[in-house]
Amino acid sequence: MISKQLYTLQIKTKQNFTENLAHLRDLILQCQKGSIILAPEVSLTNFCYQRMSEAAEFAKEATSVLLELSYEKTIAITFIEQYRKKFYNNLKVFHKGELLHKQSKHKLFPLGNEHLHFKAGSLEEIIPFEIDGIKCGAINCFELRFIELWQKVKGCDLIFVPAQWGKERKEHFETLCKALAITTQSFVIASDGANDSIAKGSAIISPFGSVTKDDSKEIIGLKVNFNEVQQVRKFIDIGL
């Protein structure tokens with residue numbers, strides 16, 4: 001039996017990057033040893049289009065802090081980073097003091113002008129990775145709307161969905177996350193921001209579609225048994 005404590009965060013992002021990192025660190029320290037933690041998309045800086053270079057530089061400092069914290073906990077988060085004079089929205093997973101996985105956001109949100117500020121990542125980076133014997137995948141915010149990307153994480157036991165999803169489309173976010181869990185028969189851990197314009201809705205969703213969420217909390221936790229993935233796939237056989 002593989003059981004694991006999961007945490008999804010639901011936090012506001014301030015203009016002060018250093019304060020955001022300190023708050024994130026405090027929340028991570030409250031989480032159990034050996035747990036898996038997901039933070040909202042670009043939660044340390046938000047989409048600070050007038051401060052992109054500053055945000056990319058700050059990502060280096062944040063990486064150092066999170067690598068240290070990841071010796072006892074697995075942490076998934078997205079950063080604004082720069083490579084060859086281009087900015088990327090990078091999802092990274094830190095595990096046992098090392099960078100375990102990285103993928104750049106492939107589908108950029110045109111309504112938020114992301115395509116004007118970021119370079120799209122390669123589709124080839126959206127691939128499964130393993131955490132303590134658990135097969136994992138990730139879809140970053142707007143990418144949740146693209147069924148072809150669901151196929152890229154099909155067969156995973158756990159799917160990460162970091163987001164900064166607008167509150168006007170809250171029902172879309174929550175419906176799509178639940179549908180992703182049911183369709184792939186996987187656990188889905190979704191983390192959305194908590195600023196006034198953002199939907200919240202951070203949740204941990206079982207392969208059968210049971211939802212654990214609380215819009216009033218910054219930390220939502222659940223201990224899950226990954227045997228449930230195989231049980232559901234055996235009970236309702238769709239070829240996974």
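When reading the values below, keep in mind they use all heavy atoms of this one structure, side chains included, and skip hydrogens, waters and symmetry mates.
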Q) How would you list, by chain and number, every residue that makes a side chain to side chain donor-acceptor pair (under 3.5 Å) with Asp215, sequence neighbours excluded? A)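 In terms of side chain to side chain donor-acceptor pair (under 3.5 Å), with neighbours along the sequence ignored, Asp215 is linked to Lys170.
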(Q) Side chains of Ser186 and Asp157: any donor to acceptor distance under 3.5 Å? (A) no
Do [X] and [Y] sit in the same hydrophobic cluster, where Ile, Leu, Val, Met, Phe, Trp and Tyr count as joined when their side-chain heavy atoms come under 4.5 Å apart?
| X | Y | answer |
| --- | --- | --- |
| Val211 | Ile189 | no |
| Phe160 | Ile220 | no |
| Ile159 | Leu91 | no |
| Leu38 | Phe94 | no |
| Leu24 | Val42 | no |

Q) Honestly, is Arg51 close enough over Phe58, meaning NZ or CZ under 6.0 Å from the six-membered ring centre and within 45° of the axis? A)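 Verdict for Phe58: no cation-pi partner in Arg51.
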Side chain to side chain, [X] and [Y], heavy atoms closer than 4.5 Å:
| X | Y | result |
| --- | --- | --- |
| Gln32 | Lys223 | no |
| Trp165 | Leu144 | yes |
| Ile28 | Tyr7 | no |
| Leu222 | Thr8 | no |
| Glu174 | Lys213 | yes |
| Thr45 | Asn20 | no |
| Thr184 | Cys156 | no |
| Leu29 | Leu69 | yes |

Within a 6.0 Å radius of atom [atom1] on [X], are there more than 12 heavy atoms belonging to other residues, nucleotides or ligands?
| X | atom1 | result |
| --- | --- | --- |
| Phe208 | CZ | no |
| Glu54 | CD | yes |
| Gln50 | CD | no |
| Gln15 | CD | no |
| Arg169 | CZ | yes |

Q) Got a second to check how far Ile36's CD1 is from Cys136's SG, nearest 0.5 Å? A) 5.5 Å
Q. OG of Ser104 to CG of Leu123: how many Å apart, nearest 0.5 Å?
A. 12.0 Å
Q. When Phe142 is tested against each of Phe118, Phe109, Phe173 for ring pair (Phe, Tyr, Trp, His ring centres under 6.0 Å), which residue passes?
A. Phe109
Q.
By the definition side chain to side chain contact (heavy atoms under 4.5 Å, CB included), identify the one residue from Asp192, Leu180, Ile205, Leu176 that meets it with Val161.
A.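 Testing Val161 for a side chain to side chain contact (heavy atoms under 4.5 Å, CB included) against Asp192, Leu180, Ile205, Leu176 leaves exactly one candidate, Leu180.
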Could you tell me which non-hydrogen atom of [X] sits nearest to which non-hydrogen atom of [Y], and how far apart they are?
| X | Y | value |
| --- | --- | --- |
| Val153 | Gly137 | CG1-CA, 3.9 Å |
| Gly112 | Tyr49 | O-OH, 3.1 Å |
| Ile198 | Gly193 | CG2-O, 3.2 Å |
| Ile139 | Pro162 | O-CD, 3.3 Å |
| Gly155 | Leu240 | N-CD2, 4.3 Å |
| Glu19 | Lys14 | OE1-CD, 3.6 Å |

Would you say [X]'s side chain and [Y]'s backbone share a donor-acceptor pair under 3.5 angstrom?
| X | Y | result |
| --- | --- | --- |
| Asn225 | Asn227 | yes |
| Ser191 | Ser202 | no |
| Gln185 | Ile238 | no |
| Lys73 | Cys31 | yes |
| Glu218 | Ile11 | no |
| Ser70 | Gly97 | yes |
| Glu72 | Lys33 | no |
| Lys4 | Gly34 | yes |
| Glu143 | His106 | yes |

**Q.** Inter- and intrachain pairs under salt bridge (charged side-chain N to carboxylate O under 4.0 Å, His left out), touching residues 95-106, at least two apart
**A.** Glu41-Lys105, Lys96-Asp132, Lys102-Glu125, Lys105-Glu114
(Q) Please determine whether side-chain contact (heavy atoms from CB on, under 4.5 Å) holds for the pair Ile80 and Cys48, giving the CA-CA distance in whole Å, both sets of side-chain angles, and the decisive distance to 0.1 Å. (A) CA-CA 9 Å; Ile80 295 172; Cys48 53; 4.1 Å; yes
